[in-house]
Number of protein chains: 2
Amino acid sequence: MAESATSKVSEAPRTAVGRDGVLDIAARLFREQGYGTVSLRKIAEAAGIKAGSIYYHFGSKDEIVAAVLDVGIHVVHENMRQAVSALPKDTGAETILRAAIGAHLRALLDLSDYTSANVRIFGQVPQSVRDANLPTRRAYEAEWDTLLSRLQDEGALRGDVDIRRLRLMLIGALNATLDWFDPGRGSAEALSRTYADVFLNGILERQDT
Amino acid sequence: MAESATSKVSEAPRTAVGRDGVLDIAARLFREQGYGTVSLRKIAEAAGIKAGSIYYHFGSKDEIVAAVLDVGIHVVHENMRQAVSALPKDTGAETILRAAIGAHLRALLDLSDYTSANVRIFGQVPQSVRDANLPTRRAYEAEWDTLLSRLQDEGALRGDVDIRRLRLMLIGALNATLDWFDPGRGSAEALSRTYADVFLNGILERQDT
DNA sequence: ACGCCTAACTAACAGTTGTTAGGTTGTTGC
DNA sequence: GCAACAACCTAACAACTGTTAGTTAGGCGT
């Protein structure tokens with residue numbers, strides 16, 4: 001045969017997609033289309049490989065989606081933790097809350113397909129996968145509860161709503177933005193400010209000035 | 001689990017399930033398990049009939065889910081509209097908003113599998129089905145926008161947030177309760193009050209009495 | 001030059017999906 | 001008693017699902 005060294009290099013993308021590449025694409029598809037309608041063949045096609053090849057990197061579809069879910073929480077957790085701990089020690093409650101809200105919203109809407117995929121598909125995945133993601137989730141929830149409790153003990157937060165419910169309301173409201181947020185219509189930053197305004201002070205017009 | 005109605009449990013359900021019966025069960029399953037994982041055979045089995053029989057009542061799976069989505073919005077829309085219009089004419093802004101929030105939350109958490117199914121599966125359904133549901137949706141959204149605009153014009157609502165965003169935030173936050181609300185842990189009524197408190201006045205502790 | 005490792009491929013499997021065509025009931029009107 | 005109809009059933013279809021087994025191809029260290 002003729003020289004094989006140079007003749008065939010042009011066609012196929014010889015750079016391996018790899019485990020991380022598959023995971024990235026899976027996260028994106030899950031975020032865009034949900035869990036049930038995204039098949040391994042769709043993921044494979046988007047990655048430029050064949051369905052069977054995925055099993056070199058993952059043992060099952062559950063394993064893929066479990067990995068996506070875990071990474072999603074880790075990203076938003078780390079983002080929120082750093083945003084809060086980067087503030088000076090004497091920062092006021094309002095500023096702290098604004099930072100936490102902003103960090104969560106940024107991870108969700110700007111930063112990570114993994115985080116947005118988590119929020120979108122958590123309710124659609126098999127229960128075993130959900131259970132596997134629960135510890136990671138609870139760690140992030142605990143981070144919020146700790147923060148909110150501290151502020152409530154300081155007297156900065158109203159005392160008539162228990163922390164768990166407050167956290168569920170807050171994160172639930174932020175996550176809901178995923179259903180309608182359009183980056184072409186406004187920035188996540190601006191949205192973050194509005195959410196903080198409303199959550200901190202309410203939507204009623206106040207008489208005091 | 002399914003037998004409940006008559007004392008005559010002998011063999012076959014003499015009473016026809018009918019179109020409405022299938023739709024009821026579809027709504028419940030969609031709410032519980034999402035769109036993609038609920039097959040026609042699951043619906044049929046839960047209804048006590050065979051999969052093929054569904055096609056006597058509906059032309060396709062899309063037709064079923066489209067019907068569920070439409071009913072879901074109609075229920076919550078009617079519920080909210082009546083709750084607000086039942087109030088005396090001189091009712092204050094705060095009371096009106098509390099009534100609207102309560103009506104939405106009640107339809108979602110207590111009243112209707114159709115409404116909760118709509119919220120849960122809207123993002124998972126084929127785009128053609130979503131598009132078919134859009135007009136119904138927009139009518140409900142317009143109801144909210146009208147209400148919020150009126151209150152804002154009266155000076156009862158803060159003026160620095162535009163109505164569309166305010167509505168998206170509000171309904172999004174309420175709908176998010178579906179992911180964690182547990183009827184055994186608290187009533188929808190109590191939850192409704194908390195949501196109104198927080199949304200109207202914010203979560204910060206205030207100095208004024 | 002050799003063997004190993006990584007990353008892919010092909011081809012098939014058993015099961016499930018939405019859907020269709022044609023057949024079988026039970027009830028009702030006449 | 002018979003026809004008409006509504007509500008269901010049976011059986012199959014093509015397409016798609018996750019998954020497995022066995023194979024191939026290139027790069028690296030020795």
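Here is the naming used below: chain letters follow the sequence lines, and residue numbers restart at 1 for every chain. Because only heavy atoms are used, hydrogens play no part in the values below, and waters and symmetry mates are left out as well, while side chains stay in.
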> Does the side chain of B:Y55 get closer than 4.0 angstrom to OP1 or OP2 of C:dT20 through an N or O atom?
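The answer is no; no side-chain N or O of B:Y55 sits under 4.0 Å from OP1 or OP2.
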
> Looking at D:dC16, I'd like to know if its phosphate oxygens (OP1 or OP2) sit under 4.0 Å from a side-chain N or O belonging to A:S39.
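So the side chain of A:S39 is outside the cut-off, no N or O lying under 4.0 Å from OP1 or OP2 of D:dC16.
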
> Give each protein N/O atom lying under 3.5 Å from an N/O atom of nucleotides 5-7 of chain D, with the pair distance.
from	atom 1	to	atom 2	distance (Å)
D:dA7	OP2	B:Y56	OH	3.3

> Of the nucleotides C:dA8, D:dG18, D:dT10, which has the atom closest to the A:I49 side chain?
C:dA8

> I'd like to know if the side chain of B:D70 pairs up with that of B:Y114 as donor and acceptor (distance under 3.5 Å, no hydrogens or angles considered).
no

> Carefully, step by step, assess B:E32 and B:D113 under the rule side chain to side chain contact (heavy atoms under 4.5 Å, CB included).
CA-CA 9 Å; B:E32 289 172 358; B:D113 284 341; over 6 Å; no

> Would you tell me if any nitrogen or oxygen in the side chain of B:S53 comes within less than 4.0 Å of OP1 or OP2 on D:dC9?
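Answer yes for this pair, as a side-chain N or O of B:S53 is under 4.0 Å from OP1 or OP2.
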
> Under 4.0 Å between a side-chain N/O of A:K50 and OP1 or OP2 of C:dA8, yes or no?
no

> A:I43 vs A:V38, test: side chain to side chain contact (heavy atoms under 4.5 Å, CB included). Steps then yes/no.
CA-CA 7 Å; A:I43 296 174; A:V38 172; 3.6 Å; yes

> Is there a side chain to side chain contact (heavy atoms under 4.5 Å, CB included) between A:R150 and A:T146 once you walk through the steps?
CA-CA 6 Å; A:R150 208 183 77 212; A:T146 302; 5.7 Å; no

> Pick the closest DNA chain D nucleotide for A:G36 and for B:G52 by heavy atoms, then say which residue is nearer the 5' end.
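Of the two residues, B:G52 wins.
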
> Which whole-number value in Å describes the distance from A:I64 CD1 to D:dT17 C1'?
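It works out to 14 Å between those atoms.
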
> Under 3.5 Å, is there a donor-acceptor pair linking the side chains of B:N118 and B:R137?
yes

> Name the closest nucleotide to the A:L40 side chain, picking from D:dT10, D:dT19, C:dG18.
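From the listed options, D:dT19 comes nearest.
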
> Given atom CZ of B:R41 and atom P of D:dA11, what is their separation to the nearest angstrom?
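Result: 14 Å.
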
> Taking the ring centre of each residue, are B:H104 and B:Y140 less than 6.0 Å apart?
yes

